[in-house]
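Working notes for the structure below.
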Amino acid sequence: MRRTLFLIWKELLQALRDPKTRVSLLLPPIIQLFIFTFAATLDVKNVPIAVLNRDFGEKGFELVQRFRGTPYFSRMIYLHSVDEIAKTVDKQKAVMVIFIDEDFSRKLDAKEPATVQLILDGRKSNTAQILAGYANSILQQFNDDYVAKAHLKQQNTRLFPYNWYNPNLLYYWYNIPSLVATLSMLICLVVTTNSVARERELGTFDQLLVSPLSPLEIVIGKIVPGVIIGTLEGLLLLVVGVFIFKVPFNGSFPLFILSLLIFICANGGLGLFISSLSATQQQAMLGTFVVMVPAVLLSGFATPIENMPIWLQPVTYLITLKYMLVISKGIFLKDINASIVFHNLWPLALIAIFTLISAGLLFRRRLE
Amino acid sequence: MGVRRLRALIKKEALQIMRDPSTILISVVLPLFLMFLYGYGVSLDLNHLRIGLVLEDSSPEATSFAASLYGSPYFDVKTVLDKRELLYDIQSGAIRGFVEVPFYFTQFRHRPTKIAPIQVIGDGSEPNTATFVQNYVSGAFQNWLKHQSISYNLKGVDRVSSQTRFWYNEELESRNFLLPGSLAIIMTLIGTLLTALVVSREWERGTMEALISTTLTRAELIIGKLVPYFFLGLLSMFLCFIATVMVFGVPFRGSIWLLALVSAVFLFCALGLGFMISTLAKNQVVSYQISIVTGFLPAYILSGFLFEIYSMPLWIQLLTYVMPARYFVQCLQTLFLVGNVWSLIFFNMIPLCIVGIIFFLIAVKKTVKRLD
């Protein structure tokens with residue numbers, strides 16, 4: 001026991017001794033939290049749009065004014081001919097062009113139905129679809145007001161949209177809980193993967209192996225610094241998220257800590273596993289990269305898992321971040337109950353046990 | 001500048017690269033692996049939205065609305081009679097939202113003074129998906145209304161409607177713009193990460209000092225080091241291009257020569273960044289960290305490849321102007337989906353060249369032919 005504590009202390013000192021490394025452990029996650037939070041957003045706002053209004057009547061003008069008065073669009077370019085539409089969209093001067101034809105007001109005044117054309121840049125299909133949604137709700141509102149004014153038969157069936165857990169769909173409420181998990185995972189991976197590979201390159205790892213320490217003790221000694229640093233980093237990011245960004249934290253804090261700890265252990269195990277497989281630091285870093293990129297891409301953070309092809313979805317069961325994202329967002333925003341948490345926690349525990357045992361076994365084998 | 005000396009150095013570097021197995025790994029296996037991940041794993045196409053439906057009203061009208069949801073290819077609907085049955089599903093993420101038709105729906109629908117409500121509830125913990133739940137349900141609802149007015153002869157209650165066209169990507173496949181964009185990330189990986197790692201390893205091992213002690217000039221040294229990586233980068237760009245077009249069926253509407261030119265200019269920037277990092281850090285671990293933070297992450301987040309630059313706060317938008325990937329992604333998406341839009345490509349290439357030259361100047365300045 002004392003032996004293990006000494007080893008942990010030595011490893012911690014080693015991980016934090018170099019000032020350059022200390023900075024590289026602390027600074028990037030904080031910078032990333034800020035940049036990711038603001039930049040990694042699928043929100044659509046401030047988009048430049050263009051309008052070609054060939055209608056000289058009052059209705060067309062009124063419709064254009066309605067588009068101008070919304071925060072989704074930053075500026076409106078006025079076009080004068082149909083040829084300009086293609087040029088504007090090609091050069092990405094506008095993502096959407098609203099085309100109101102010359103008979104728009106006349107048709108409405110004659111109580112006939114009229115259409116407005118929306119042309120969207122499919123190079124950005126997500127943005128384009130969301131914009132089309134905005135435009136249609138503006139048109140719907142315009143339609144309802146027109147129908148009411150003209151005393152036509154009114155549609156009395158309505159949709160009432162509402163969103164639970166995040167009523168205004170603020171993207172950073174989604175980003176911050178996800179980033180707490182992602183960034184603490186990355187730090188833990190960096191710390192643990194470098195630990196064994198560097199010693200191996202320097203030759204000091206063999207000395208550790210011939211010492212009276214058992215493989216279990218070495219595994220513990222190697223993983224604990226990463227777990228401590230990762231967990232503290234996670235907590236720091238949580239504090240920044242809750243107190244600076246004011247993201248609500250509705251669920252149970254002890255449950256969150258427990259989940260974070262198990263999640264970090266699973267990643268520490270993964271890091272150690274990669275580290276024990278690689279002979280040099282460069283291999284270890286590339287190994288981390290090869291594990292890290294799919295871990296983030298397939299976790300459901302960037303895009304939802306249900307969008308992936310069915311055959312790929314089972315692969316995500318191996319990804320630690322996937323479980324923690326559900327837990328983190330759940331505890332932050334949804335106040336999920338313990339049964340959902342445990343449902344996502346046991347796979348993490350399983351991954352932790354498996355990777356730690358295999359890393360321990362690999363330490364021994366490597367010496368032969 | 002001695003041409004012979006330079007040629008000899010390039011030859012030596014090329015041989016060294018080909019002998020190192022990790023180079024092949026990074027320049028061929030890793031790009032194709034990433035391509036595969038981006039092609040299948042990253043998708044914004046919500047084709048299987050799992051939603052719930054609380055159907056408290058069993059009248060023919062309510063049922064026909066339910067049928068319009070069942071018939072939509074976008075939804076997997078789970079129907080229940082009581083909202084409480086859905087609470088666990090929405091908490092655990094098994095459904096992304098639900099639609100609620102109250103028991104008085106039909107009754108109110110036939111009274112002109114009342115409004116018959118249908119509530120759509122999205123799971124706000126996934127904001128993008130929630131937006132799509134709202135949009136798709138609204139689309140299905142509008143369609144249903146139209147059918148209703150036709151079959152009951154109510155004669156078009158909707159007076160103003162829209163006709164929507166999506167240019168360049170009519171099927172709205174997110175893969176068609178995500179994959180070209182991901183080429184920028186892969187190029188950054190090779191140009192920046194590979195170069196930074198390899199050159200800083202040489203500093204660590206001291207082989208760089210051996211080169212410094214020769215008669216090579218600084219410029220020759222840098223060119224000699226980078227030319228092989230430049231061609232390696234172009235090679236993997238070509239491989240990824242083939243995979244994008246042949247395997248994933250993304251259309252390519254531009255000119256392949258223009259693509260090669262743009263890629264070459266971008267590669268020049270990425271290599272410059274990689275070389276600059278390695279000369280500044282001279283240490284593999286630090287180089288790796290810096291190239292991830294300054295090369296890989298910006299290419300992923302600040303390039304407009306997935307996240308819209310317009311929607312970012314102004315200070316981040318300004319930051320994106322110094323990111324080479326931003327310009328490259330715009331060129332790639334345009335070349336693949338639109339064609340040769342000369343002015344757009346030209347205006348994106350100028351900043352790329354400027355950024356590349358700045359990186360190189362710093363790298364040359366910092367490569368002092370002297371040991372500290």
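Owing to the predicted nature of the structure, the values given are computational and were not obtained by experimental measurement. Below, chains carry the letters A, B, ... as their sequence lines are ordered, and counting in each starts from 1.
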| remark: B/Thr294 meets the side chain to side chain contact (heavy atoms under 4.5 Å, CB included) criterion, sequence neighbours left out, with B/Leu273, B/Ile277, B/Ile290

| Residue list, side chain to side chain contact (heavy atoms under 4.5 Å, CB included) with B/Asn169, at least two apart or on another chain | A/Ser125, B/Glu171, B/Glu173, B/Asn176, B/Phe177

| said: With no hydrogens and no angle check, just 3.5 Å: does a side-chain donor-acceptor pair link A/Gln129 and B/Tyr136? | reply: yes

| Should the pair B/Arg96-A/Glu306 be classified as a salt bridge under the 4.0 Å nitrogen-to-oxygen rule? | yes

| note | Checked B/Phe296, B/Phe166, B/Trp167 vs chain A; the most non-hydrogen pairs under 4.5 Å come from B/Trp167

| query | For the atom pair CD1 (B/Ile309) and CG (A/Asn46), what is the distance rounded to the nearest 0.5 Å? | reply | 13.0 Å

| said: Looking only at heavy atoms and a cut-off of under 4.5 Å, which of A/Leu169, A/Asn337, A/Val89, A/Asn126 has the most pairs with chain B? | reply: A/Asn126

| message | Heavy-atom pairs under 4.5 Å with chain A: which of B/Asp45, B/Ile292, B/Leu319, B/Val341 has the most? | response | B/Asp45

| So which of A/Thr127, A/Asp43, A/Thr41 actually passes side-chain contact (heavy atoms from CB on, under 4.5 Å) with B/Glu308? | A/Thr127

| request: Describe, in one word, how the ring planes of B/Tyr288 and A/Phe289 are oriented to each other, choosing from parallel (under 30°), tilted (30 to 60°) and perpendicular (over 60°). | output: perpendicular

| field | Contact leader toward chain B among A/Phe36, A/Phe104, A/Tyr72, where contacts are heavy-atom pairs under 4.5 Å | value | A/Phe36

| query | Any chance CZ of B/Phe347 has more than 12 other-residue heavy atoms, nucleotides or ligands included, within less than 6.0 Å? | reply | no

| remark: Residue from A/Tyr162, A/Trp311, A/Trp164 scoring the most non-hydrogen pairs under 4.5 Å with chain B is A/Trp164

| message | Ring centres under 6.0 Å, that's the criterion: do B/Trp315 and A/Phe34 meet it? | response | no

| message | Let's test your reading of the structure: which of B/Ile301, B/Asn135, B/Leu337, B/Thr320 forms the most heavy-atom pairs below 4.5 Å with chain A? | response | B/Ile301

| Run the side-chain hydrogen bond (donor to acceptor under 3.5 Å, both in side chains) check on B/Ser162 and A/Asn136 step by step: do they pass? | CA-CA 7 Å; B/Ser162 68; A/Asn136 278 322; 2.5 Å; yes

| task | Taking atom OH of B/Tyr74 as the centre, report whether more than 12 heavy atoms of other residues, nucleotides or ligands fall under 6.0 Å from it. | result | no

| Are A/Asn163 and B/Gln134 close enough, and set up right, to give a side-chain hydrogen bond (donor to acceptor under 3.5 Å, both in side chains), and what steps lead you there? | CA-CA 9 Å; A/Asn163 295 297; B/Gln134 301 288 1; 3.1 Å; yes

| task | Quick one: which of B/Val338, B/Ile345, B/Leu49 has the most heavy-atom pairs under 4.5 Å with chain A, could you say? | result | B/Val338

| note | Looking only at A/Ala132, A/Ala284, A/Pro294, A/Pro177, most heavy-atom pairs under 4.5 Å shared with chain B are made by A/Pro294

| task | Assess the side chains of B/Gln333 and A/Gln92: does a donor N or O sit below 3.5 Å from an acceptor N or O? | result | no

